[in-house]
Chemist: 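One structure follows; several queries about it will come next.
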Amino acid sequence: MREAVTSARRIVVKVGSSSLTTAAGGLDAERVGALADVLAGWLADGATGPDGRPVEPAVPGRRRAADHRELVLVSSGAIAAGLAPLGLARRPRDLATQQAAASVGQGLLIAHYSTGFARHGRTVGQVLLTVDDVTRRAHYRNAYRTLRKLLDLGAVPIVNENDTVATDEIRFGDNDRLAALVAALVHADLLVLLSDVDALYTGDPARPGTVRIAEVHDEQDLAEVAIGRAGRAGVGTGGMVTKVEAARIATGFGIPVVLTATPLATEALAGESVGTLFHRVRQRPAARLFWLAHATSPRGRLHLDPGAVQAVVDRRKSLLPAGITAVDGTFTAGDPVDLVDDAGAAVARGLVNYDAVELPGLLGRSTSELAAALGPGYEREVVHRDDLVLL
């Protein structure tokens, strides 16, 4: 049995569109209900009190047992669910029709989940997020508070992208990366990625000689893996690439990941050796630096000379104006920016202490020189080492 799975008390489960829809592309109520049954069963198995007796599903205001289980479900399927009611034969390519399908389908999706979990005495809460909600710090905190309160009240948060108002976010990777960020946001013990593929393979599972990869300990285990991009069912946007990237994000935050097919969810949650287990690659880092590395989009770039690259990367020093050769982008103090080497490769990301319009006049000058010429307010780092993470 996989101890990393059986010991998990708070998990995030992500399910893809292809696992919830019929061959024609519409929402399959039986599949949604079956998944709700499996997940509610996992929650019930862990709902025991200090005396070992089962604890009833949480009631608002009632204190939960210390070892109770918590679940956040990240579910794709809104667009796919809206296809049939709108008379659409396949997933539309244009954004407006995708958003219309999501508008119709999201309500159907959450209604089926509500019915499925209600059979087990569980309440669900809908949480629709955009990339801004996991990249802007204030939104990030608000999302955490909402999810935490739902869990405290014994509800099952069901997260999806807010496709009806998203733009580029609607192609965010079929919710795989979002699931990894949500797992980090709620400090999950485990991330489970469910799809129509039962595991990670060395190549195309349909080809002879291809074998399942049972466990991934580090990047070396992925060195010779051919990862395909397309799902087989044609209703989702993600593929194995986005799932492996999600696993990298989560394991980098100290969260193990299980990747398997939705019909194997019961076995996976029981800790059986199905699918692929990605082991965490390190202890959990500071949440703030994880947020900076994985949940922000840089607003600009600071070009560093070789000495500054060495100071930042090898010696973990703050970035000073003297080491910057050029500035790109439009940003204000406090925004995330990428620090790039002379080849243009990003080596770090940090929160900048100056506006973009201020920096050109400071480049190549020491902080003491700037303080003498412009005042003591300029004797400060461009990016402090406490606000900097290596990429």
Side-chain angles (χ1 to χ4, degrees), residues 130-145 168-169 177 180-181 184-185 187 248-249 252-254 281-391:
T130 65
V131 168
D132 265 358
D133 296 319
V134 291
T135 57
R136 292 184 180 273
R137 188 63 173 172
H139 293 201
Y140 190 80
R141 288 172 174 168
N142 288 337
Y144 169 77
R145 283 194 289 265
D168 290 340
E169 294 89 342
R177 182 167 174 253
L181 293 173
L185 178 66
H187 287 234
R248 286 190 176 110
I249 292 173
F253 192 68
V281 297
R282 60 175 175 175
Q283 296 296 316
R284 189 160 294 182
R288 185 166 177 270
L289 295 183
F290 176 87
W291 162 78
L292 185 58
H294 297 290
T296 60
S297 298
R299 305 299 174 85
R301 300 197 306 168
L302 306 181
H303 295 259
L304 278 55
D305 63 29
V309 171
Q310 184 179 33
V312 168
V313 174
D314 298 333
R315 295 159 50 204
R316 304 298 178 92
K317 297 290 187 179
S318 300
L319 176 63
L320 303 177
I324 305 173
T325 59
V327 177
D328 297 332
T330 302
F331 51 83
T332 58
D335 282 345
V337 295
D338 276 353
L339 281 53
V340 304
D341 60 21
D342 53 9
V347 297
R349 183 171 298 165
L351 301 179
V352 66
N353 288 324
Y354 292 91
D355 296 348
V357 294
E358 290 182 279
L359 277 176
L362 312 181
L363 304 189
R365 302 168 70 180
S366 69
T367 53
S368 58
E369 177 188 351
L370 291 171
L374 302 174
Y378 286 85
E379 194 172 10
R380 68 183 190 272
E381 306 86 350
V382 176
V383 179
H384 192 277
R385 64 184 181 185
D386 292 343
D387 295 327
L388 188 151
V389 62
L390 301 184
L391 300 178

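Numbering starts at 1 and runs along the sequence shown. Since the structure is predicted, the reported quantities are computational estimates derived from the model, not experimental observations.
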Chemist: So, taking the atom named CG in Leu304 and the one named CG in Leu319, what distance separates them when rounded to the nearest 0.5 Å?
Modeler: 5.0 Å
Chemist: Please name the pair of heavy atoms, one in Tyr378 and one in Tyr354, separated by the smallest distance, quoted to 0.1 Å.
Modeler: O-OH, 3.4 Å
Chemist: Going through the distances and angles, do Leu390 and Arg316 end up as a side chain to side chain contact (heavy atoms under 4.5 Å, CB included)?
Modeler: CA-CA 9 Å; Leu390 301 184; Arg316 304 298 178 92; 3.1 Å; yes
Chemist: Quick one: list whatever passes salt bridge (charged side-chain N to carboxylate O under 4.0 Å, His left out) with Asp335, sequence neighbours left out.
Modeler: none
Chemist: Apply salt bridge (charged side-chain N to carboxylate O under 4.0 Å, His left out) to Arg380 and list each qualifying residue two or more places apart in sequence or on a separate chain.
Modeler: none
Chemist: Closest approach of Gly334 and Leu351, non-hydrogen atoms and distance?
Modeler: O-CD2, 3.6 Å
Chemist: Just by modelled atom types, is the Asp305 backbone N or O under 3.5 Å from a matching donor or acceptor in the Thr325 side chain?
Modeler: no
Chemist: Shortest non-hydrogen contact from Ala356 to Pro360?
Modeler: O-CD, 3.1 Å
Chemist: Can you list the residues that meet the salt bridge (charged side-chain N to carboxylate O under 4.0 Å, His left out) rule with Asp355, with sequence neighbours excluded?
Modeler: none
Chemist: Tell me which one of Leu302, Val347, Leu391 satisfies side chain to side chain contact (heavy atoms under 4.5 Å, CB included) with Asp338.
Modeler: Leu391
Chemist: Using the salt bridge (charged side-chain N to carboxylate O under 4.0 Å, His left out) rule, collect all pairs that involve residues 362-376, keeping only residues at least two apart or in two chains.
Modeler: Arg365-Glu369
Chemist: Show every salt bridge (charged side-chain N to carboxylate O under 4.0 Å, His left out) that has at least one partner inside residues 317-333, sequence neighbours left out.
Modeler: Arg301-Asp328
Chemist: Write down the atom of Ser318, the atom of Arg385, and the distance for their closest heavy-atom approach.
Modeler: OG-N, 2.9 Å
Chemist: What side-chain donor-acceptor pairs closer than 3.5 Å can you find for residues 306-313, not counting sequence neighbours?
Modeler:
none

Chemist: CG/Leu363 to CG/Leu370 distance, rounded to the nearest 0.5 angstrom?
Modeler: 9.5 Å
Chemist: Identify the heavy atoms of Val281 and Gly252 that sit nearest to each other, and give their distance.
Modeler: CG2-CA, 3.8 Å
Chemist: For Val383 versus Gly350, what's the shortest heavy-atom pair and its separation?
Modeler: CG1-CA, 3.8 Å
